[in-house]
Participant: 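Input: one structure, supplied below.
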Amino acid sequence: MEHIVIIGNGISGVTLARHIRKLSDKKITIISAETDYFFSRTALMYVYMGHMKFKHTQPYENWFWKKNRIELLKAYVKDIDTDHKILQFADGGNLNYDKLIIATGSKPNKFGWPGQDLDGVMGMYHKQDLDNLETYAPNNKVCNRAVIVGGGLIGIELAEMLNSRNIPVTFLVREASFWNGVLPEGESQMINNHIKNHHIDLRLSTNLKEIKSDENGRVKSVIIEETGEELACNVVGLTAGVTPNIDFLKSSKIELGRGVKVNRYLETNIPDVYAIGDCAEQHEAIGNRRPIEAVWYTGRMMGETLAQTICGNRLAYKPGHWFNSAKFLDIEYQTYGWVFAKPREHESHFHWKHHKEDICITVAFNKDTKEFIGINTFGIRMRHEIFDKWLTEKRDIDYVMSYLKDANFDPEFYKAYENDILKQYNDTFNTNLTAHKKSWKRIFSKA
Ligand SMILES: Cc1cc2nc3c(=O)[nH]c(=O)nc-3n(C[C@H](O)[C@H](O)[C@H](O)COP(=O)(O)OP(=O)(O)OC[C@H]3O[C@@H](n4cnc5c(N)ncnc54)[C@H](O)[C@@H]3O)c2cc1C
């Protein structure tokens with residue numbers, strides 16, 4: 001029986017295994033060095049914040065794997081001999097495969113800062129990081145201050161986590177405004193204010209120079225690059241992005257770039273070796289997407305797609321329209337299609353912000369054709385299927401503005417803002433559009 005070996009028990013590896021099992025009787029082994037069972041990485045923060053226990057982050061009961069004949073192996077793969085189709089484990093063991101899938105995810109970036117490996121310095125990626133946080137930052141008596149380095153989505157989650165235990169946080173962000181490489185200016189500014197309003201000491205245009213140690217090898221302070229200021233702290237969170245977790249492949253024959261190089265079929269340069277999830281790097285990016293996509297749903301989609309190929313129906317990875325969602329403290333953020341920090345050639349942005357609350361949207365459209373390109377929403381929940389449909393149908397921005405009520409997905413009795421938004425749109429572009437009432441018939445119609 002063909003033996004399928006998957007390195008990595010995250011969303012991509014586990015989705016792949018589940019779908020291979022649905023489609024075939026193949027022998028499946030999943031290897032991971034991190035945890036015995038699959039868990040939802042995106043939910044780690046809620047464990048620290050006390051909303052759930054770690055076991056609640058595991059979507060499947062422990063019996064699920066045996067029942068579905070998916071073997072789980074806790075081991076660290078240190079080498080791959082693709083000529084003989086054999087894996088070497090750090091503990092000395094080995095394992096043969098017929099087909100191998102690398103689904104090893106990411107690791108937090110470290111940029112060679114002095115002191116980056118001290119006790120109390122951690123990323124926020126693995127289960128071990130959560131354990132470390134419990135050790136070094138259980139409360140504000142043990143941890144008087146934490147310093148977070150790097151202002152992306154994981155950085156702000158870590159700030160929220162520490163804030164939930166009343167641990168003072170200083171947040172060092174290299175950019176002049178929060179996540180301004182991704183967010184348009186109005187949104188980025190709003191998030192700056194939102195962070196400060198949560199009593200987080202946000203330092204923009206600020207870099208880490210060095211992390212200093214006490215006499216026991218534990219972090220005691222950081223030095224700021226620009227000013228030389230020394231900030232006393234007990235924990236340093238390194239959240240300056242992530243990189244594919246592929247160092248163990250460097251001595252193999254598998255082609256690597258920043259990640260494991262794959263084609264549209266998620267195949268590497270070596271026959272019977274594939275890569276999916278955060279660690280896979282497309283030879284050529286798909287549309288405006290990045291060649292490496294470190295997001296949950298694309299890992300799941302790659303797993304579903306590759307299961308077809310492994311089971312005899314060779315299928316290309318086609319992720320469809322870009323979307324994503326996240327949370328900035330109290331603000332929910334969603335994005336559909338493309339809204340770049342600065343409009344590209346032939347593009348324009350329409351931005352609406354609530355006069356008091358941290359609620360706003362930015363809509364990107366083509367200046368010449370008025371085609372709708374994408375939307376960012378903060379504090380208003382929108383319906384994914386609707387924007388997916390409008391992008392497929394290549395609707396223009398006037399249509400999107402007029403039918404925005406169809407897209408609203410906030411719970412019943414939430415305040416609605418579509419009329420305000422449309423009024424500002426009409427004022428700005430000298431149009432006279434009217435807002436259409438929400439229609440369930442339209443909402444459930446297909447593109
Ligand atoms: C705190 C946090 C919040 C996030 N929030 C969001 C969100 O809101 N939305 C979103 O879309 N994405 C989010 N992400 C990103 C998302 O979680 C990842 O894109 C996704 O989990 C990656 O899945 P994966 O299967 O590719 O890899 P992973 O989940 O990283 O799994 C890979 C596994 O392989 C193991 N492994 C690696 N190398 C070896 C080896 N040599 N031998 C054995 N095992 C090995 C690793 O230890 C790990 O267990 C978040 C990530 C973090 C860290």
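For ligands, and for the atoms within them, numbers begin at 1 and follow the listed sequence.
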Participant: Check each of Val77, Thr104, Ile276, Asn9 against atom 41 (N) of ligand 1 and report the one with the nearest heavy atom.
Facilitator: Val77
Participant: Starting from atom 23 (O) of ligand 1, locate the nearest protein heavy atom and write down its residue, its atom name and how far away it is, to 0.1 Å.
Facilitator: Ile11 CG2, 3.5 Å
Participant: Between Met45 and ligand 1, which residue portion shows a heavy-atom distance shorter than 4.0 Å: side chain, backbone, both, or neither?
Facilitator: neither
Participant: Would you call Asp25 and Arg69 a salt bridge, taking side-chain N to carboxylate O under 4.0 Å as the test?
Facilitator: yes
Participant: Taking non-hydrogen atoms only, is Asp278 closer than 4.0 angstrom to ligand 1 via side chain, backbone, both or neither?
Facilitator: both
Participant: Taking the six-membered ring for Trp, are the ring centroids of Phe365 and Phe372 within less than 6.0 Å of each other?
Facilitator: no
Participant: With a 6.0 Å cut-off on the ring centroids, do Tyr60 and Trp65 count as close?
Facilitator: yes
Participant: Whether Lys110 and Asp117 form a salt bridge (side-chain N of Lys/Arg under 4.0 Å from carboxylate O of Asp/Glu) is what I want to check.
Facilitator: yes
Participant: Among all protein heavy atoms, pick the one closest to atom 34 (O) of ligand 1 and tell me residue, atom and distance.
Facilitator: Gly8 CA, 3.2 Å
Participant: Quick test: of every protein heavy atom, which one is nearest to atom 11 (O) of ligand 1, and how far off is it to 0.1 Å?
Facilitator: Trp296 N, 2.9 Å
Participant: Below 6.0 angstrom between ring centroids: does that apply to Phe323 and Tyr297?
Facilitator: yes
Participant: Heavy atoms only, cut-off 4.0 Å: how does Thr35 contact ligand 1, side chain, backbone, both, or neither?
Facilitator: neither
Participant: Assess whether a salt bridge exists between Lys389 and Glu385, defined as any Lys/Arg side-chain N lying under 4.0 Å from an Asp/Glu carboxylate O.
Facilitator: no
Participant: Around atom 49 (O) of ligand 1, find the nearest protein heavy atom and jot down its residue, atom name and distance.
Facilitator: Glu34 OE1, 2.5 Å
Participant: Taking 4.0 angstrom as the limit and counting only heavy atoms of Val295, give me the atoms of ligand 1 inside it, by number and element.
Facilitator: 11 (O), 12 (N), 19 (O)
Participant: Once you restrict to heavy atoms under 4.0 Å, what part of Ser32 touches ligand 1? Side chain, backbone, both or neither.
Facilitator: both
Participant: What part of Ala103, side chain from CB on, backbone N/CA/C/O, both or neither, has a heavy atom under 4.0 Å from ligand 1?
Facilitator: backbone
Participant: Nearest non-hydrogen contact with atom 40 (C) of ligand 1 belongs to which option: Tyr76, Phe89, Phe39?
Facilitator: Tyr76
Participant: Considering only protein heavy atoms, which is closest to atom 43 (C) of ligand 1, and at what distance to one decimal place?
Facilitator: Ala75 O, 3.2 Å
Participant: Is it the side chain (CB and beyond), the backbone, both or neither of Ala326 that lies under 4.0 Å from ligand 1, heavy atoms counted?
Facilitator: neither
Participant: Using the ring of each side chain (for Trp, its six-membered ring), is Phe39 parallel, tilted or perpendicular to Phe54, with breaks at 30° and 60°?
Facilitator: tilted
Participant: Has ligand 1 got any nitrogen or oxygen that is less than 3.5 angstrom from a nitrogen or oxygen of Tyr297?
Facilitator: no
Participant: Could you list the donor-acceptor pairs under 3.5 angstrom formed between side-chain atoms of residues 44-53 and any protein atom two or more places apart in sequence or on another chain?
Facilitator:
| residue | atom | partner | partner atom | Å |
| --- | --- | --- | --- | --- |
| Tyr48 | OH | Ala137 | O | 2.6 |

Participant: According to the salt bridge (charged side-chain N to carboxylate O under 4.0 Å, His left out) rule, which pairs have a member within residues 136-146, sequence neighbours left out?
Facilitator: none
Participant: Just jot down the ligand 1 atoms closer than 4.0 angstrom to any heavy atom of Ser12, in number order.
Facilitator: 24 (P), 25 (O), 26 (O)
Participant: Taking the six-membered ring for Trp, is the centroid-to-centroid distance between Trp352 and Phe350 below 6.0 Å?
Facilitator: no
Participant: If we ignore hydrogens and angles and just use 3.5 Å, is the side chain of Gln116 paired with the main-chain N or O of Gly112 as donor and acceptor?
Facilitator: yes
Participant: Which is it for Phe248 and ligand 1 at heavy atoms under 4.0 Å: side chain, backbone, both or neither?
Facilitator: side chain
Participant: When you check the gap from the basic side-chain N to the acidic O, do Lys253 and Asp83 get nearer than 4.0 Å?
Facilitator: yes
Participant: Identify the closest protein heavy atom to atom 30 (O) of ligand 1: which residue and atom is it, and at what distance?
Facilitator: Tyr125 OH, 2.5 Å
Participant: Which residue and non-hydrogen atom of the protein lie closest to atom 15 (C) of ligand 1, and at what distance in Å?
Facilitator: Ala294 O, 3.8 Å
Participant: If you measure from atom 44 (N) of ligand 1 to every heavy atom of Ala33, Pro244, Gly155, Gly10, which option wins on shortest distance?
Facilitator: Ala33
Participant: Starting from atom 51 (C) of ligand 1, what is the nearest protein heavy atom, named by residue and atom, and what distance separates them?
Facilitator: Ile154 CD1, 4.0 Å
